[in-house]
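The structure appears below as structure tokens.
In what follows, chains carry the letters A, B, and so on, assigned in the order in which the sequence lines appear, proteins first and then strands, with residues in each chain numbered from 1. As the structure is a prediction and not an experimental result, all values here were calculated from the model.
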Number of protein chains: 2
Amino acid sequence: MAANKIDDEQLLAGLLSVFQTHGYGAASLSLIAEATGLQRASLYHRFPGGKEQMAEAVLEQADRQFDECVLAPLRSDARPGLRVRRMAEQLAAHYDGGRCSCLLETLSMAGGPPSVRAHVKRTFGLWLKAMAAVAREAGASPAVARKRAEDAIMQVQGGLVFARAARDRKPFERVLSGLPALLTGAR
Amino acid sequence: MAANKIDDEQLLAGLLSVFQTHGYGAASLSLIAEATGLQRASLYHRFPGGKEQMAEAVLEQADRQFDECVLAPLRSDARPGLRVRRMAEQLAAHYDGGRCSCLLETLSMAGGPPSVRAHVKRTFGLWLKAMAAVAREAGASPAVARKRAEDAIMQVQGGLVFARAARDRKPFERVLSGLPALLTGAR
DNA sequence: GTCTATAGCTTGATAGAC
DNA sequence: GTCTATCAAGCTATAGAC
């Protein structure tokens with residue numbers, strides 16, 4: 001088993017940065033080759049399914065990373081407010097304080113293959129469920145918990161769009177610090 | 001002055017739909033030609049500056065439309081809560097209940113020319129200012145008014161991203177109906 | 001003002017040397 | 001496993017007929 005010149009971690013990091021910033025349609029193999037350090041033909045050796053498979057791989061990696069880093073704190077045995085605060089800290093790191101766009105946002109744009117859009121929808125559902133579970137533990141009814149989780153996702157996504165479009169990351173940071181109160185229903 | 005086969009309104013509507021759904025980088029001239037009913041070469045006659053000028057034109061049109069339809073209700077002499085409710089109704093129509101992405105969101109992605117990204121930032125500023133003015137009239141301090149306006153924009157943008165990515169428009173509708181209370185500070 | 005035709009480049013993807 | 005070379009198709013943009 002000949003060693004890969006570029007290991008999977010580097011490869012997926014390059015793929016992530018390109019899909020995250022350009023979306024599916026505008027992510028060209030030239031951009032990906034540049035970001036990963038591999039030639040286009042080498043990318044097809046690692047991903048025979050082409051660009052679609054590359055996007056799938058980066059979504060799977062993002063799922064794992066998101067679960068291990070961002071959602072993991074939600075499953076601790078601390079009190080709900082503290083758990084959410086830790087998730088917010090992980091979110092801040094994950095999105096580099098608002099400097100990065102969300103992969104789910106950019107890959108949900110028109111032009112991508114149905115499999116990719118379906119994956120994005122599914123991942124959104126997992127995130128929603130994890131946050132609603134904490135809201136429930138904080139005392140909310142199922143309906144209210146879901147509503148709070150939806151609000152949390154919308155505020156995070158909106159904060160990221162605002163940061164990118166208005167080039168002002170402060171509101172995003174404010175959203176993150178407000179998440180514990182939002183999800184637990186604290187005043 | 002020979003009559004245009006496609007009038008400016010149709011032309012800009014086609015441009016809008018393409019840039020809105022695909023962003024700048026993935027908006028190809030073929031897609032634009034198909035959406036507008038003009039051949040690629042004819043598009044260059046109307047927009048000698050090419051794709052960049054097309055994006056600028058659609059942003060200018062969007063600014064006008066946004067000001068005339070969405071922001072106009074904010075300048076009426078009704079009480080603040082009612083003004084915001086009318087804006088929310090216009091927003092619902094503008095984004096077709098969450099079926100459309102926001103042009104400002106898609107054009108703020110990487111890959112577009114600096115002039116386009118600068119225009120997007122400026123338009124965000126106008127929107128922010130208009131909503132902050134209503135919040136002030138409802139009794140908020142300048143700082144609080146700005147914060148409320150930022151929250152409103154983030155929730156709307158987040159709601160649109162959620163609708164597209166999770167394919168669920170309900171939370172976006174809920175955001176719109178909550179805007180009057182959010183901006184006026186009502187409980 | 002719109003069209004057909006075309007230039008020159010880039011795209012996604014493949015073949016084959018090493 | 002990665003590379004260079006290549007393909008057909010797509011791209012942005014231009015030239016010139018009508």
[X] side chain, from C-beta outward: closest of [options]:
{"X": "A/N4", "options": "C/dA5, C/dG1, D/dT2", "value": "D/dT2"}
{"X": "A/S28", "options": "C/dT11, D/dC11, D/dT2", "value": "C/dT11"}
{"X": "A/R46", "options": "D/dG1, C/dT2, D/dC11", "value": "D/dG1"}
{"X": "B/Y44", "options": "D/dT14, D/dT2, D/dC11", "value": "D/dT14"}
{"X": "A/Q39", "options": "D/dT4, C/dC3, C/dG12", "value": "D/dT4"}

Residues B/E150 and B/R146 bridged, charged N to O under 4.0 Å:
yes

Salt-bridge criterion met for A/D168 and B/K121 (N-O under 4.0 Å):
no

Checking side-chain polar atoms at under 3.5 Å, does B/Q10 have a donor or acceptor matched by the opposite partner on B/T36?
no

In this structure, is the centre-to-centre distance between the rings of A/F162 and B/F124 below 6.0 Å?
yes

How many Å lie between [atom1] on [X] and [atom2] on [N], as a whole number?
{"X": "A/L38", "N": "C/dA13", "atom1": "CG", "atom2": "C1'", "answer": "16 Å"}
{"X": "B/L43", "N": "D/dC11", "atom1": "CG", "atom2": "C1'", "answer": "14 Å"}
{"X": "A/L31", "N": "D/dC11", "atom1": "CG", "atom2": "P", "answer": "16 Å"}
{"X": "A/R40", "N": "D/dC7", "atom1": "CZ", "atom2": "C1'", "answer": "12 Å"}
{"X": "A/H45", "N": "D/dT2", "atom1": "NE2", "atom2": "P", "answer": "7 Å"}
{"X": "A/L29", "N": "C/dA13", "atom1": "CG", "atom2": "C1'", "answer": "8 Å"}
{"X": "A/F47", "N": "D/dG1", "atom1": "CZ", "atom2": "P", "answer": "12 Å"}
{"X": "B/H22", "N": "D/dC11", "atom1": "NE2", "atom2": "C1'", "answer": "15 Å"}

OP1, OP2 of C/dT11 versus side-chain N and O of A/S30: anything below 4.0 Å?
yes

Under 4.0 Å between a side-chain N/O of A/K51 and OP1 or OP2 of C/dT11, yes or no?
no

Which part of the nucleic acid, if any, lies within contact of B/S42, taking any heavy atom under 4.0 Å across all strands shown: a base, the sugar-phosphate backbone alone, or nothing?
base

Students often get this wrong, so: under 4.0 angstrom with heavy atoms, is B/A27 touching a base, only sugar-phosphate, or nothing?
sugar-phosphate

Give a yes or no on whether A/V120 and B/L160 share a hydrophobic cluster (residues Ile, Leu, Val, Met, Phe, Trp, Tyr; joining criterion: side-chain heavy atoms under 4.5 Å apart).
yes

